[in-house]
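Below is one structure, written out as structure tokens; the observations come after it.
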Protein chains: 2
Amino acid sequence: MEQTRLLNDIEKDCSKILFAIQDALDLISGKWKIKVISVLLYGKKNFTDLQRQIDGLGSKMLSKDLQELEINGLITRTVNATKPITVTYELTEYGYTMEPIIQVLADWGTEHRHKITGR
Amino acid sequence: MEQTRLLNDIEKDCSKILFAIQDALDLISGKWKIKVISVLLYGKKNFTDLQRQIDGLGSKMLSKDLQELEINGLITRTVNATKPITVTYELTEYGYTMEPIIQVLADWGTEHRHKITGR
DNA sequence: GATATGGGTTTCCCTTAGTATAGTGGGTTC
DNA sequence: GAACCCACTATACTAAGGGAAACCCATATC
């Protein structure tokens, strides 16, 4: 009885983190969004520079993902009145709160590569 | 010149974390793998319990993802000689190294939900 | 001997995420 | 005035990921 109750509590905990994870993934799912955010952690970038930095990313996907990231408040889009008009994308303060996610993923990936390629 | 050199260095850094992130995502991409790992953080589970705990997950996907997670050394599969035969899935030591990823995602997701639903 | 449970596999289907390619519109440079 | 850069948008296609349902095998319970 006591045991059962504890198990139920654990399952509730577990369900909660499952929902939380889904909430996070909803914003960054897809092949490119995390990478866009990662690049923007290094500073503001314009459209073409973003595309150049992320290998394989086409303009249609970049355009779509930037729109979605903006809608979700993670980045801002600024049109600059420069000679040829340029557009700058930049992480919002909220966007920067994703840094730990990027960091921990990158750390794990680095360790994993060491493990695979025989440290 | 100095400035340019620094920029190049930054771009190399950036490329590195992009590759690292890709390495990590290769193992946990898809709709269900992170959730399977998350549930297993709470302890070993059998097939049916995993399926019950993760809403919407069908047996085909679960079966496929478990195989892939095992191949990548994140979980172990143990057949138990019980009355009706049961199979137990459990995180390996390596699998547990994913905990920080799950944790940081869950934390962010929780905060995000607070923000969206008007703290 | 019918039904249930655990642990899957197989087949078929379908949507959607993503790719490739081309084009637009404004401005600048050669 | 040709060609090139930036920032996209449009169109068209495709492949892979995933869902639903049926089926399989063993045990064992009614």
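Throughout, protein chains are lettered first and strands after them, A, B, ... in sequence-line order, and every chain is numbered starting at 1. All heavy atoms count here, side chains included; hydrogens, waters and symmetry mates do not.
Side-chain contact between B:Leu18 and B:Gln22 is absent, with no heavy-atom pair separated by less than 4.5 Å. With contacts defined as side-chain heavy-atom distances shorter than 4.5 Å, the pair A:Leu74/A:Leu40 does not qualify. Residues B:Trp32 and B:Met61 form a side-chain contact, since some pair of their non-hydrogen atoms from C-beta on lies under 4.5 Å apart. Looking at heavy atoms from C-beta onward, B:Ile28 lies in side-chain contact with A:Leu105 at the 4.5 angstrom threshold. Side chains of A:Tyr89 and A:Leu62 form no contact here, defined as non-hydrogen atoms less than 4.5 Å apart.
Cation-pi geometry between A:Lys115 and B:Tyr94 is met: the NZ or CZ atom falls under 6.0 Å from the ring centre, inside 45° of the normal.
Separating the CG atom of B:Asn80 from the P atom of C:dG8 is a distance of 11 Å, rounded to the nearest angstrom. One atom, CG of A:Leu62, and another, P of C:dA20, lie 15 Å apart when rounded to the nearest Å. Taking atom CD of residue A:Glu68 and atom P of nucleotide C:dA17, one finds them 8 Å apart after rounding to whole Å. In this structure, CG of B:Leu66 is placed 16 Å from P of C:dG6, rounded to the nearest angstrom. Regarding B:Met61, its CE atom lies at a distance of 17 Å from the P atom of C:dC13, rounded to whole Å. One atom, CD1 of A:Ile34, and another, P of C:dG18, lie 12 Å apart when rounded to the nearest Å. Straight-line distance from the CG atom of A:Asp26 to the C1' atom of C:dA17: 15 Å, rounded to whole Å. Summarising the geometry, the separation between CG on B:Asp65 and P on D:dG18 is reported as 7 Å, rounded to the nearest angstrom.
Counting only N and O atoms by type, the side chains of A:Gln53 and A:Asp49 include no donor and acceptor under 3.5 Å apart. A:Thr86 and A:Asn46 share no side-chain donor-acceptor pair at under 3.5 Å.
In this structure, B:Tyr89 reaches the C:dG8 phosphate: one of its side-chain N or O atoms is under 4.0 Å from OP1 or OP2. The phosphate of C:dA17 (OP1 or OP2) has no side-chain N or O of A:Lys64 nearer than 4.0 angstrom.
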Taking N or O atoms only and anything under 3.5 Å, show me the protein contacts with nucleotides 20-23 of chain D, one pair per line.
none

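Atom CZ of B:Phe19 and atom CG of A:Asp55 lie 6.5 Å apart (nearest 0.5 Å).
For DNA chain C, none of the residues of residues 35-54 of chain A falls under the heavy-atom distance limit of 4.0 Å.
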Where protein sits on nucleotides 24-30 of chain D, one letter per nucleotide: B base, S sugar-phosphate only, - none, heavy atoms under 4.0 Å: ---S---

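Among the candidates B:Thr78, B:Thr76, B:Asn80, the single residue satisfying the side chain to side chain donor-acceptor pair (under 3.5 Å) test with B:Thr88 is B:Asn80.
Of the charged side-chain nitrogens involved, none lies within less than 4.0 Å of a carboxylate oxygen, so that A:Lys16 and A:Asp13 do not count as a salt-bridged pair.
The side chain of A:Trp32 has C:dT19 as its nearest neighbour among C:dG6, C:dG8, C:dT19.
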